[in-house]
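Structure, as structure tokens:
Please read these numbers as outputs of a predicted model, since none were measured by experiment.
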Amino acid sequence: MNIVQPTVSPPSPELIARFKSIVGDKYAVTDAGDIAPYVTEERNLFHGHSPLIVRPGSTAEVSGICKLATEYRIALVPQGGNTGLVGGQTPHNGEVVISMRRMDKVRDIDVESNTMTCEAGVILQIAQQRAAEVDRLFPLSLGAEGSCTIGGNLSTNAGGTAALAYGVAREMALGLEVVLADGRILNGLSKLKKDNTGYDLRNLFIGAEGTLGIITAATLKLFPQPRAMETAFVGLKSPADALKLLQISRNEAAGSLTSFELLADIAVDFSVRHGIDVRAPLSGTHSWYVLMELSSSRDDARDTLEAILARGMEDGVVDDAAIAANLSQRGAFWKLRDEMSSAQKPEGGSIKHDVSVPVAAVPDFIAEADAAVIKLMPGARPVPFGHLGDGNIHYNVSQPIGADTADFLSRWHEVNAVVFAIVLRMGGSISAEHGIGVLKRDELPEVKDKVAIELMRGIKAMLDPLGILNPGKVL
């Protein structure tokens, strides 16, 4: 994919030596082979290049890097686990990469305050485990949790499968520590839930994709560990039936409904055929499926789930269902869901959409998008799945069987235009949880409020006047 980027001046050998002196030779990568994992991403959609990867081990080192970069106008790309899906973490034009993975300390866990302070390089799964060790829950959960980092999660405002109950990453952070472009350190690691002392600067940096500052640490909210968790895999006829089941679930379960995933038959089929150790949970096939989960501090989750499914069957909404009998079976249900993105690869090219519409509009959106995409490209195979409870659908389109992959992918923006037009007409968003990066950068001015774009540009100019932080991303 061709990316238009601003001119970036590469650092001289002498300047590279100065960057090395900040982090130490051991943590400065200049060999092309060692650099390779930092300049490509999982989907192989974006390819970058960089003369230098610096791996700081402290906030002071990040500050030193930014001060030096500002002095010599060297562009920087902050990077966490390199799991982003919109090219925001890729050095497209030879920028220096700041890999945050060494900053992996959990600085503090405060059970009384229900908070945990993590450095940006802490792997999400490790944060979950550290919370569990003190009988607490850090609920952010997504497919890449074994490799994505807290800093990256916050920089992209990650969503995930538990957002229905706990919100997105933005709602799980109480405070941030951020290094600005000129090296100044903003210390906002507050544990307070109430603090009305002026502007909420924290939210400027969450979701900014490293364009306004580099998140080095965060104080995160923890929650009581659920005592009971029940999971069901449900077969249905349509997204409209899934929406009715969601309404029943909300009425019956209230706040204990933590996940409600809508899965098209084709998405389940891909996972079963191409996933590793993935099996279909139900004996028959259905046009649509729901993966739902209840979490409760009491022991009534099973009864509640059974009541929901019974009501769904009485109302003709649920055709079949299986409730996980143990943790192993629950894991198998979620593995099928987690494999959906990777299981599309053997089917050829896939044009991705991470969109959201009002929850009530999801069935109409899918129907209209399917018709529009197939009209544009006969034989194309829509593969919709995602977080119905949030209105967030990953509306992916697999290439027609036997089609040329390069020709198919060359129509990426053409397909985007068709899908985005429907999303916007329904009052939705072209980016629900993956961010803007470069993939959706050029569309953003067309769909965002004009005054909002002006304010965003003004904030960028104030915080990063030289434009050295993740240039060409978002704006």
**Asked** For residues 113-141, which residue pairs qualify under salt bridge (charged side-chain N to carboxylate O under 4.0 Å, His left out), counting only residues two or more places apart or in two chains?
**Response** Arg107-Glu119, Arg130-Glu133, Asp135-Arg227
**Complete:** CG of Leu424 to CD1 of Ile422, rounded to nearest 0.5 Å, is 10.0 Å
**Message:** Evaluate Lys473 against Glu209 for salt bridge (charged side-chain N to carboxylate O under 4.0 Å, His left out), listing each step before the verdict.
**Reply:** CA-CA 8 Å; Lys473 314 294 173 56; Glu209 301 183 45; over 6 Å; no
**Message:** Check this for me: does any side-chain nitrogen of one of Glu171 and Lys221 sit under 4.0 Å from a carboxylate oxygen of the other?
**Reply:** no
**Message:** Applying the side chain to side chain contact (heavy atoms under 4.5 Å, CB included) criterion to Leu220, which one of Thr115, Leu140, Ile150 satisfies it?
**Reply:** Ile150
**Asked** Just by modelled atom types, is the Ala403 backbone N or O under 3.5 Å from a matching donor or acceptor in the Gln399 side chain?
**Response** yes
**Prompt:** How would you list all residue pairs meeting side-chain hydrogen bond (donor to acceptor under 3.5 Å, both in side chains) that involve residues 21-38, not counting sequence neighbours?
**Reply:** none
**Item:** Within-4.5 Å side-chain heavy-atom neighbours: Gln344 and Val383
**Value:** yes
**Request:** State, to 0.1 Å, how close Gly80 and Thr149 come at their nearest heavy-atom pair, and which atoms those are.
**Result:** CA-OG1, 3.4 Å
**Prompt:** Is the backbone N or O of Glu443 less than 3.5 Å from a side-chain atom of Glu446, with the two atoms forming a donor-acceptor pair by type?
**Reply:** no
**Message:** To the closest 0.5 Å, what do you measure between CD (Glu95) and CD1 (Ile74)?
**Reply:** 10.5 Å
**Fill in**
Which of Val397, Val423, Ile351 passes side chain to side chain contact (heavy atoms under 4.5 Å, CB included) with Asn416? Answer is Ile351
**Message:** Can a donor-acceptor pair be found, under 3.5 Å and without considering hydrogens, that links the side chain of Asp182 to the backbone of Thr70?
**Reply:** no
**Item:** Leu174 to Ser190 - nearest heavy-atom pair and separation
**Value:** CB-O, 3.5 Å
**Fill in**
Closest non-hydrogen atoms of Ala132 and Gln225, given as atom of the first, atom of the second and distance, are CA-NE2, 3.7 Å
**Request:** Please answer whether the main-chain N or O of Arg170 pairs with a side-chain N or O of Asn157 as donor and acceptor at a distance below 3.5 Å.
**Result:** yes
**Message:** For the aromatic rings, using the six-membered ring if either is Trp, is the centroid distance between Phe138 and Phe223 under 6.0 Å?
**Reply:** no
**Message:** What verdict does the side chain to side chain contact (heavy atoms under 4.5 Å, CB included) test give for Thr90 and Gln79, after you've listed the backbone C-alpha separation in whole Å, the side-chain angles of each residue and the deciding distance to 0.1 Å?
**Reply:** CA-CA 8 Å; Thr90 305; Gln79 188 180 101; 6.0 Å; no
**Request:** Flag the pair Glu433 / Val168 as yes when at least one side-chain heavy-atom distance between them is below 4.5 Å, and no otherwise.
**Result:** no
**Asked** Could you go step by step and tell me if Val179 and Arg184 meet the side chain to side chain contact (heavy atoms under 4.5 Å, CB included) rule?
**Response** CA-CA 6 Å; Val179 175; Arg184 287 180 295 164; over 6 Å; no
**Verdict with reasoning, Leu76 to Ile65, per side chain to side chain contact (heavy atoms under 4.5 Å, CB included)** = CA-CA 9 Å; Leu76 304 171; Ile65 291 166; 4.2 Å; yes
**Prompt:** Can you name the closest pair of heavy atoms from Met340 and Ser271 and give their distance?
**Reply:** CG-OG, 3.2 Å
**Prompt:** Below 4.5 Å, heavy atoms only, C-beta onward: do Phe205 and Ile214 meet side chain to side chain?
**Reply:** no
**Asked** Is any NZ, NE, NH1 or NH2 atom of the basic residue among Glu71 and Lys67 found under 4.0 Å from an Asp or Glu carboxylate oxygen of the other?
**Response** no
**Request:** Just say parallel, tilted or perpendicular for the rings of His353 and Tyr395, cut-offs at 30° and 60°.
**Result:** tilted
**Message:** So Leu212 and Asp464, do their side chains get closer than 4.5 Å, heavy atoms only?
**Reply:** no
**Asked** Counting distance only, does the side-chain N/O of Arg441 pair as donor-acceptor with the main-chain N or O of Val474 below 3.5 Å?
**Response** no
**Leu142 vs Cys148, side chain to side chain contact (heavy atoms under 4.5 Å, CB included): CA-CA, chis, key distance, verdict** = CA-CA 9 Å; Leu142 46 146; Cys148 64; 4.2 Å; yes
**Request:** Could you check if a side-chain atom of Phe260 sits within less than 4.5 angstrom of a side-chain atom of Glu293, using non-hydrogen atoms only?
**Result:** no
**Message:** Less than 4.5 Å apart, side chain to side chain, heavy atoms only: is that true for Ile98 and Val77?
**Reply:** no
**Request:** Compare all side-chain heavy atoms of Gln128 with those of Ser141 and state whether any distance is below 4.5 angstrom.
**Result:** yes
**Message:** I want to check something: taking the side chain as every heavy atom from C-beta on, are Ile109 and Leu222 in contact at a cut-off of under 4.5 Å?
**Reply:** yes
**Approximate separation, where rounding is to 0.5 Å, of Thr117 OG1 and Asp108 CG** = 5.0 Å
**Message:** Quick check on the 6.0 Å ring-centre criterion: do His92 and His49 meet it?
**Reply:** no
